[in-house]
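Below: one structure, written as structure tokens.
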Amino acid sequence: MANNKGGKKITILGAGNVGATCAYTFAVAGTCSDIVLIDINKEKAKGEAMDIRQGVSFGHNVEIFDGTYDDAVGSDVIVVTLGLARKPGQTRLDLAQANVNIIKDVMPKVAKAAPDAIYVVVSNPVDVITYAILQCTDLKPSQVMGSGTALDTSRLRSSIADHLNLSPNSVHAYVFGEHGDTSMIPWSITNIAGTAMEEYCKEQNHIEIDEDEIIEEVRKAGAEVIKRKGATFYAIALTVNKICDDILRDANNIRTVSTMINGRYGIYDVCLSLPAVVGGHGIEKEIAPVLTDEEVAKLQASAEALKKVLRSLEF
């Protein structure tokens with residue numbers, strides 16, 4: 001097992017499609033110096049590590065190994081991709097109890113090995129799993145974040161950008177709430193170069209954007225990919241790489257990640273996505289933009305839908 005000599009270490013729990021693609025993405029991007037892949041299927045983890053390791057002479061010098069839970073020791077970031085993947089036609093919430101059970105078994109051991117790491121949760125249903133990790137470990141809420149609607153936000157920006165013939169980087173738009181069917185878009189704070197989107201469309205003679213159509217597109221984007229290729233892993237790996245990079249560089253970027261909400265918009269004791277400053281200590285700051293009453297109601301409905309699921313589970 002490699003000794004982490006002052007570099008940055010990321011441990012990935014789960015070497016399935018998502019975990020392995022995250023490892024590959026970290027290696028290609030040079031996000032960290034050490035990567036450990038841990039999976040119950042040890043041969044699979046070893047094979048994935050070997051495959052990436054054999055190509056690193058063409059890129060960044062990254063040490064990549066397979067290991068056991070104890071090898072998480074000294075990790076700066078732990079990426080959680082454990083659990084069963086979503087099958088075609090299955091909702092993220094259908095997976096809930098089975099994946100919560102896996103989390104309850106594994107996470108206390110990992111948290112003991114790496115009590116100071118920042119945890120980035122990818123396993124679905126991500127809001128429920130993020131909550132479960134906080135229930136079964138002593139980790140602080142600022143240390144644990146789910147990838148949440150970070151990817152939905154990227155999908156939304158691409159969607160609007162296509163419509164307006166702009167780069168997605170010039171679109172300031174967010175998806176809040178559950179990473180799933182009750183997510184919502186706060187259109188009141190969506191803007192292009194500081195101009196409200198509606199105004200921008202008028203000014204540039206664009207047809208107004210169909211808001212209902214866009215939220216449907218964003219919510220169903222993952223399912224559409226699963227329907228065609230059986231799984232989603234590239235886009236989420238790029239998302240996770242960005243979040244990990246923010247943490248390791250102490251970048252203080254604002255991301256819509258899933259965190260424990262206690263007080264924002266009158267919502268308590270549930271994990272869902274709202275903007276947060278992501279840096280070296282995990283969640284550095286929580287942000288609560290001013291929303292319309294209607295938007296707050298939609299967000300509270302999303303929180304309620306998640307709470308209903310939480311009440312039906314055993315943690």
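Just so you know, residue 1 is the first one in the sequence shown, and it goes up from there.
- Val80 pairs with exactly one of Ile103, Val122, Thr130, Val126 by the side chain to side chain contact (heavy atoms under 4.5 Å, CB included) rule, that one being Ile103.
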| field | Verdict with reasoning, Thr259 to Leu274, per side-chain contact (heavy atoms from CB on, under 4.5 Å) | value | CA-CA 8 Å; Thr259 57; Leu274 286 170; 5.9 Å; no

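- For the atom pair Ser33 OG and Asp76 CG, the distance stands at 8.0 Å (nearest 0.5 Å).
- Of the charged side-chain nitrogens involved, at least one lies within less than 4.0 Å of a carboxylate oxygen, so that Glu224 and Lys227 count as a salt-bridged pair.
- To the nearest 0.5 Å, the span separating NZ on Lys9 from CZ on Phe65 amounts to 10.0 Å.
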| task | Given side-chain contact (heavy atoms from CB on, under 4.5 Å), test Val128 with Leu310 step by step and report yes or no. | result | CA-CA 7 Å; Val128 173; Leu310 295 178; 4.1 Å; yes

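- In Lys109, the NZ atom is crowded: over 12 heavy atoms of neighbouring residues, nucleotides or ligands sit closer than 6.0 Å.
- Distance SG/Cys201 to NE2/His163: 5.5 Å, rounded to 0.5 Å.
- In Tyr24, the OH atom is not crowded: 12 or fewer heavy atoms of neighbouring residues, nucleotides or ligands sit closer than 6.0 Å.
- Here the closest heavy-atom approach between residue Asn252 and residue Gly279 is recorded as OD1-CA, 3.6 Å.
- Using a 4.5 Å heavy-atom cutoff, the side chains of Val100 and Glu314 are not in contact.
- The residue from Val121, Val110, Ile118 that alone fulfils the side chain to side chain contact (heavy atoms under 4.5 Å, CB included) condition with Ile78 is Val110.
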| request: Using the side-chain contact (heavy atoms from CB on, under 4.5 Å) rule, take Glu286 and Ile261 through it: C-alpha gap first, then chi angles, then the decisive distance, then the call. | output: CA-CA 9 Å; Glu286 297 178 341; Ile261 309 294; 5.7 Å; no

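- In this structure, CD in Glu217 is found 6.5 Å from CD in Glu213, a value given to the nearest 0.5 Å.
- Atom-to-atom distance recorded for Leu299:CG and Glu295:CD is 9.5 Å, nearest 0.5 angstrom.
- For His281, the NE2 atom is loosely surrounded, since the number of other residues' heavy atoms within 6.0 Å does not exceed 12.
- The heavy-atom pair separating Ala20 from Ala15 by the smallest distance is CB-O, 4.0 Å.
- With salt bridges taken as basic N to acidic carboxylate O contacts below 4.0 Å, one links Asp66 and Lys46.
- Here the shortest heavy-atom pairing between Thr182 and Ser302 reads OG1-OG, 2.8 Å.
- A heavy-atom distance below 4.5 Å is not found between the side chains of Arg53 and Met50.
- Lys298 is listed as a side-chain neighbour of Glu294, based on a closest heavy-atom distance under 4.5 Å.
- Residues Pro115 and Lys112 share a closest heavy-atom pair of CD-O, 3.6 Å.
- Side-chain contact between Cys244 and Cys32 is absent, with no heavy atoms from C-beta onward closer than 4.5 Å.
- Panel note: side chain Ser123, backbone Leu82; a donor-acceptor pair is recorded below 3.5 Å.
- Residues Asn99 and Leu84 have side chains in contact (heavy-atom distance under 4.5 Å, counting atoms from C-beta outward).
- Across all their heavy atoms, Gly83 and Ile102 have their closest contact at CA-CD1, 3.7 Å.
- When all heavy atoms of Ile243 and Ser147 are compared, the pair lying nearest together is CD1-CA, 4.1 Å.
- Side-chain contact between Thr137 and Tyr119 is absent, with no heavy atoms from C-beta onward closer than 4.5 Å.
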| field | Steps toward side-chain contact (heavy atoms from CB on, under 4.5 Å) verdict (Glu284, Asp250) | value | CA-CA 10 Å; Glu284 303 279 358; Asp250 194 17; 3.7 Å; yes

| Step by step, would you call Thr195 with Glu203 a side-chain hydrogen bond (donor to acceptor under 3.5 Å, both in side chains)? | CA-CA 10 Å; Thr195 308; Glu203 211 178 274; 5.0 Å; no

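- With sequence neighbours excluded, no residue forms a salt bridge (charged side-chain N to carboxylate O under 4.0 Å, His left out) with Lys307.
- Applying side chain to side chain contact (heavy atoms under 4.5 Å, CB included) to Phe176 and the options Thr256, Asp152, Leu272, Thr153 leaves one that passes, Thr256.
- In this structure the side chain of Thr239 never reaches within 4.5 angstrom of the side chain of Ser154, judged on heavy atoms.
- For the pair Arg255 and Met145, the minimum side-chain heavy-atom distance is 4.5 Å or more.
- To the nearest 0.5 Å, atoms NZ (Lys104) and CD (Gln97) are separated by 6.0 Å.
- In this structure, Trp187 belongs to a hydrophobic cluster whose other members, linked by side-chain heavy atoms under 4.5 Å apart, are Leu156, Ile160, Leu164, Leu166, Val171, Val175, Ile185, Ile192, Met197, Tyr200, Ile209, Ile214, Ile215, Val218.
- Remark: Asp269 pairs with Tyr131 by the side chain to side chain donor-acceptor pair (under 3.5 Å) rule, at least two apart or across chains.
- Counted within 6.0 Å of NZ on Lys229, heavy atoms from surrounding residues, nucleotides or ligands total more than 12; the atom is thus considered enclosed.
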